[in-house]
Amino acid sequence: MSYEVAIEDYSDGHLGNLFDLFRTYFQPDDRLLTEAYSRWLYADNPFGLARMVKVTEGGRWKGFMAMIPVELTRKGVSLRAYYLVNLLVDPKHQGKNLFGKMISAVKQVMAEGDFALMGHPN
């Protein structure tokens, strides 16, 4: 099977697949596996809905990162940006350039808009 990369606005329908992928790394009591935290991070942002970057194979999520919208302001000048967080690749699919595939898709989105990217290592 081949990998498919998609970027979509967050919806509550993403949570089941997202939690399945996150369970490959996190303990059941981790806040990343709670609907309340996920809604706060992905949906309740005053700058808008998060964008979900996902890699699927056969309909199952194998890689993920979130694009959280933010607005940076300095001396009265604002810049739209996305903060890339929660990057995760299924352990069985590491080494297959899934991170590269996700970043390539994000770069295409960047070409369509005027915004910056930020992130930090997990």
Side-chain angles (χ1 to χ4, degrees):
M1 277 192 204
S2 63
Y3 295 111
E4 294 182 27
V5 180
I7 300 178
E8 303 170 350
D9 286 343
Y10 168 82
S11 78
D12 289 340
H14 289 120
L15 292 180
N17 289 314
L18 181 64
F19 292 168
D20 287 346
L21 179 60
F22 278 15
R23 284 186 193 101
T24 64
Y25 283 92
F26 299 104
Q27 297 299 316
D29 62 344
D30 195 291
R31 73 178 177 179
L32 286 172
L33 295 170
T34 65
E35 185 173 334
Y37 178 78
S38 295
R39 285 201 48 74
W40 171 81
L41 181 62
Y42 303 133
D44 296 338
N45 184 333
F47 298 110
L49 288 175
R51 307 216 48 208
M52 313 300 267
V53 183
K54 60 183 183 170
V55 177
T56 60
E57 181 187 50
R60 301 204 39 95
W61 290 26
K62 304 303 178 184
F64 169 78
M65 79 171 70
M67 298 171 65
I68 308 299
V70 297
E71 186 174 313
L72 308 172
T73 303
R74 182 173 181 258
K75 296 182 179 181
V77 177
S78 294
L79 173 66
R80 293 180 323 134
Y82 282 103
Y83 189 50
L84 301 178
V85 298
N86 295 343
L87 166 65
L88 199 65
V89 173
D90 183 309
K92 296 175 186 169
H93 295 266
Q94 290 180 352
K96 298 181 181 180
N97 194 34
L98 299 191
F99 173 73
K101 292 176 188 310
M102 289 186 281
I103 287 295
S104 292
V106 169
K107 285 181 181 178
Q108 288 179 348
V109 171
M110 287 181 65
E112 299 167 3
D114 184 23
F115 61 88
L117 290 178
M118 345 184 278
H120 66 87
N122 287 14

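Hydrogens, waters and symmetry mates play no part in the numbers below; they use all other heavy atoms, side chains included. Note that this is a predicted model, so its numbers are computed, not measured.
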With the side chain counted from C-beta on, respond yes when L87 and F64 share a heavy-atom pair under 4.5 Å apart, and no when they do not. no
Does atom CZ of R23 have more than 12 heavy-atom neighbours, drawn from other residues, nucleotides or ligands, at distances under 6.0 Å? yes
Report yes if some heavy atom in the side chain of N86 is under 4.5 Å from a heavy atom in the side chain of F22; otherwise report no. yes
Parallel under 30°, tilted from 30 to 60°, perpendicular over 60°: which one fits the rings of Y3 and H93? perpendicular
Note: L33 and Q27 closest approach over all heavy atoms is CD1-O, 3.2 Å
Could you state the interatomic distance from CG (L15) to CD (E35), rounded to the nearest 0.5 Å? 5.5 Å
With the side chain counted from C-beta on, respond yes when M65 and M52 share a heavy-atom pair under 4.5 Å apart, and no when they do not. no
Would a 4.5 Å heavy-atom cut-off, applied to side chains only, mark Y42 and I68 as touching? yes
Any side-chain donor-acceptor pair under 3.5 Å between Y10 and D12? yes
Contact between D90 and R60 at the side-chain level, heavy atoms closer than 4.5 Å - yes or no? no
Please report the shortest heavy-atom distance between M118 and A81, naming the atom on each side. CG-CB, 4.4 Å
Does a side chain donor of either D30 or Y37 reach within less than 3.5 Å of an acceptor in the other side chain? no
With a 3.5 Å cut-off and no angle check, do the side chains of T56 and E4 form a donor-acceptor pair? no
K54 side chain near M102 side chain, heavy-atom distance below 4.5 Å: no
Atom pair CG (L79) and OG1 (T73), whose distance is rounded to the nearest 0.5 Å: 8.5 Å
Identify the heavy atoms of I7 and V106 that sit nearest to each other, and give their distance. CD1-N, 3.9 Å
L18 CG to W61 CH2 distance, which is reported to the nearest 0.5 Å: 5.0 Å
Assigning hydrophobic clusters by single linkage (Ile, Leu, Val, Met, Phe, Trp, Tyr; side-chain heavy-atom cutoff under 4.5 Å), is F47 placed with L41? no
Do P69 and F115 come within less than 4.5 Å of each other through their side chains, counting heavy atoms only? no
Gap between atom CZ of F19 and atom CG of L21 - 0.5 Å precision: 11.5 Å
Could you give the distance from CE (M110) to CD (E112), rounded to the nearest 0.5 Å? 11.5 Å
Under 3.5 Å, side chain of Y25 to main-chain N/O of V89, donor-acceptor pair present? yes
All heavy atoms of E71 vs all of S78, minimum pair found to be OE2-OG, 3.1 Å
Can you tell me how far apart CG (L98) and CD (E57) are? Round to the nearest 0.5 Å. 9.0 Å
